[in-house]
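Shown next, in structure tokens, is the structure this report addresses.
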Amino acid sequence: MAFCSEEINFVLIPLMAPGHTIPMVDLAKLLASRGVTITILLTSLHATRFKAVIDRAVSSGLLIRLRQLQFPAEEAGLPAGCESFDALPSYFLVTNFFAAINKLRDPAEKIIEEITPRPRCIICDRNIHWTAQTAEKFQIPRILFDGMSCFSQMSIHNLYILQDDNRIPETAPFLIPDMPDRIEVRRAQLPGAFNPGTLDMGDVREQIRASEAGAYGYIINSFEELEQKYVEEFRKVKGGKNVWCVGPLSLCNEDSVDKAQRGNPTTSIDQENFLKWLDSRQPGSVVYACLGSLARFTIAQFIELALGLEDSNRPFILVVKAGDKQLEVERWISENQFEERVQNRSLLIRGWAPQVLILSHPSIGAFLTHCGWNSTLEGITAGVPLITWPLFAEQFLNEKFVLNVIGTGVSVGSESIMFMLEEDRSKRKVGRENVRSAIERAMEQGKEGNRVREAARKVGEMAKKAVQVGGSSHLNLTLLIQQIIISAQNN
Ligand code: UDP
């Protein structure tokens, strides 16, 4: 039986966290731009956050359907309305959060049963393990997406082998084995599976890992030229399974409204004045500092970051997002008249920043980032050097990739993971002088600055080529769709 592309319905099920949902919505737009039908399942809060972006895509002719799931927050012991990872009032509630996700299986399957055209593939976040049984039930391929690079996937794969042999040293630095490059780490820098904090997530993690077994393939937000050796290795260790690098996904947001509204339709800035301010700056002169969507930073570290930026004597944009510590941070800002002190050359953004819009502006000269993979890749795509300050999860691995593999960044010297709820206990603090000096090294006209900026410029160009017609990511997306069409025909 032959299918035309719009008869191929992909069901997308993202995890309820900005760093996971944002690239999945980009992926929805990208796939739909090739003529296939997309049904994306979002809980109410995310449906509100992404509605404007999806509505605009639909009015431009893309076949994207948004179906809402009710997130059973209270039933799982979470406060009412708490339906996104960034809204958790306490990280001890993470297990409740996963319990709520488990309860979404029945309503999601009901939707999958009803929708037309008949779903031919599920693309889901790797962390939603019940999708394995759902795909089995509907006899359709399940493709995993978890927002990590192939470099991190490979690092984690090899770290599990070491761990199973009890060979991860407690404190001494060691090399991750079987990596194409020399990657030295310490346990204190590793993600929870190898370096657990107080919160025991072992069972959830194992359940997720086990559910990977029957997956049909992996979609990766990266591009082949960026990490060719790691893409090949990843394919190999997954037994030759399909691995499609289709990124950078953020590049599917071409116009400034899409860039501005990505992830959140409301930002606290007056966009017109903000862009005027950026236009008034010298090209490549502004440091943009943002530490992701989850607001995991201590007051002490915020102060060092702010003072390091001030001491750099360069213009900067600082995103002030401190979660439950926002009031304290605001008190420090106002008691120390920080905003007044830097106002001639800098801007503070409260809440959500239009990151991709900011990074695409020619005035931006460097990106101080916590090295979440989305942010890392967005900085790489913008062609700017990264000033790396990893905080948690696989962010130290992303830092290693930036520093040791592609050479497009300098580090502030963060040494260990900040554990959930134990942020104040992390050992050596990054000081303002570390921040100032990293900014200087990335932006100065000296040897290191020139090398890092040139490397950043080159990979930025490669990133843009990858998604153009004839580019590797463009081709991978075509192959993915063709393969699902063939699988539908054989079914
Ligand atoms: N982001 C944004 N504005 C903000 C904070 C984050 O647009 O104020 C976006 C950012 O562009 C990225 C995502 O949120 O796409 C964050 O994902 P990442 O993997 O970098 O880190 P996480 O927030 O998951 O730690």
Side-chain angles (χ1 to χ4, degrees), residues 14-27 29 46 49-50 52-53 84-88 91 94 97 125-127 145-149 151-152 191-192 220-222 247-253 256-269 271 274 288-297 317-323 326 347-361 364 367-382 384 386-399 401-402 409 414 417-418 420 423 463:
L15 184 74
M16 300 81 203
H20 292 244
T21 312
I22 292 172
M24 197 74 120
V25 170
D26 285 346
L27 180 63
K29 292 195 324 183
H46 283 99
R49 278 189 191 168
F50 291 94
V53 168
S84 186
F85 209 82
D86 55 327
L88 282 179
Y91 282 101
V94 170
F97 192 70
D125 198 284
R126 190 178 67 93
N127 296 294
F145 175 81
D146 68 1
M148 282 199 291
S149 66
F151 173 87
S152 287
I220 307 282
N221 185 14
S222 183
L249 290 168
S250 63
L251 281 175
C252 76
N253 298 286
S256 56
V257 184
D258 280 348
K259 284 182 192 163
Q261 294 193 340
R262 185 170 178 261
N264 204 330
T266 46
T267 59
S268 49
I269 56 168
Q271 201 176 311
F274 177 70
Y288 167 62
C290 177
L291 296 153
S293 64
L294 299 180
R296 292 255 313 278
F297 219 41
I317 296 171
L318 170 58
V319 182
V320 182
K321 202 188 332 275
Q326 192 78 20
L347 281 181
L348 305 193
I349 297 180
R350 265 79 176 191
W352 193 258
Q355 179 156 302
V356 164
L357 183 73
I358 295 174
L359 283 171
S360 63
H361 196 283
I364 300 300
F367 177 17
L368 192 152
T369 171
H370 73 313
C371 298
W373 180 246
N374 292 292
S375 295
T376 304
L377 188 61
E378 288 157 19
I380 289 172
T381 305
V384 294
L386 303 179
I387 298 163
T388 57
W389 189 335
L391 299 175
F392 56 94
E394 92 296 2
Q395 294 161 9
F396 277 88
L397 299 174
N398 295 333
E399 179 190 59
F401 178 71
V402 168
S414 169
I417 292 268
M418 280 197 188
M420 289 178 180
E423 284 91 349

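In listed order, ligands and their atoms are each counted from 1.
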Identity and distance of the protein heavy atom lying nearest [atom]:
atom	result
atom 11 (O) of ligand 1	Glu378 OE1, 2.6 Å
atom 23 (O) of ligand 1	Ser293 OG, 2.5 Å
atom 20 (O) of ligand 1	Ser375 OG, 2.5 Å
atom 24 (O) of ligand 1	Gly19 CA, 3.6 Å
atom 8 (O) of ligand 1	Lys321 NZ, 2.6 Å
atom 6 (C) of ligand 1	Trp352 CH2, 3.6 Å

query = With atoms numbered from 1 as shown, which atoms in ligand 1 lie under 4.0 angstrom from a non-hydrogen atom of Ala353?
reply =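 Every atom of ligand 1 under 4.0 Å from some heavy atom of Ala353: 2 (C), 3 (N), 4 (C), 7 (O), 8 (O).
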request  = Number the atoms of ligand 1 from 1 as they appear, then name those within less than 4.0 Å of a heavy atom of Trp373, with their elements.
outcome  =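 Listed by number with element: 19 (O).
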query = CD1 of Ile380 to OG of Ser375: how many Å apart, nearest 0.5 Å?
reply =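 It comes to 11.0 Å.
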query = Do the ring planes of Trp389 and Phe297 sit parallel (below 30°), tilted (30 to 60°) or perpendicular (above 60°)?
reply =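 Rings of Trp389 and Phe297: perpendicular, as their planes differ by over 60°.
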request  = For the residue pair Phe392 and His370, categorise the inter-ring angle as parallel (less than 30°), tilted (30 to 60°) or perpendicular (more than 60°).
outcome  =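 The rings of Phe392 and His370 sit tilted, inter-plane angle from 30° to 60°.
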task = Using modelled atom types only, decide if a donor and an acceptor are shared between the side chain of Thr21 and the backbone of Pro14 within a distance under 3.5 Å.
result =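 Here the side-chain-to-backbone pair does not exist.
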query = Should Thr376 be counted as touching ligand 1, given the test is an N or O pair under 3.5 Å?
reply =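 There is no such contact.
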request  = For ligand 1, indicate whether the residue Pro18 contacts it via side chain, backbone, both or neither (heavy-atom separation under 4.0 Å).
outcome  =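 For Pro18, there is no contact with ligand 1 at all, from either part.
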ask   = What part of Ile22, side chain, backbone, both or neither, has a heavy atom within less than 4.0 angstrom of ligand 1?
value =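 Looking at Ile22 and ligand 1, just side chain atoms fall under 4.0 Å.
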inquiry  = Please compare His370, Glu394, Gln261, Arg262 and report which has the shortest non-hydrogen distance to atom 25 (O) of ligand 1.
reply    =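 Residue with the shortest heavy-atom distance to the ligand atom: His370.
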query = Among Leu377, Leu359, Asn374, which one has a heavy atom closest to atom 19 (O) of ligand 1?
reply =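 Result: the heavy atom closest to atom 19 (O) of ligand 1 is in Asn374.
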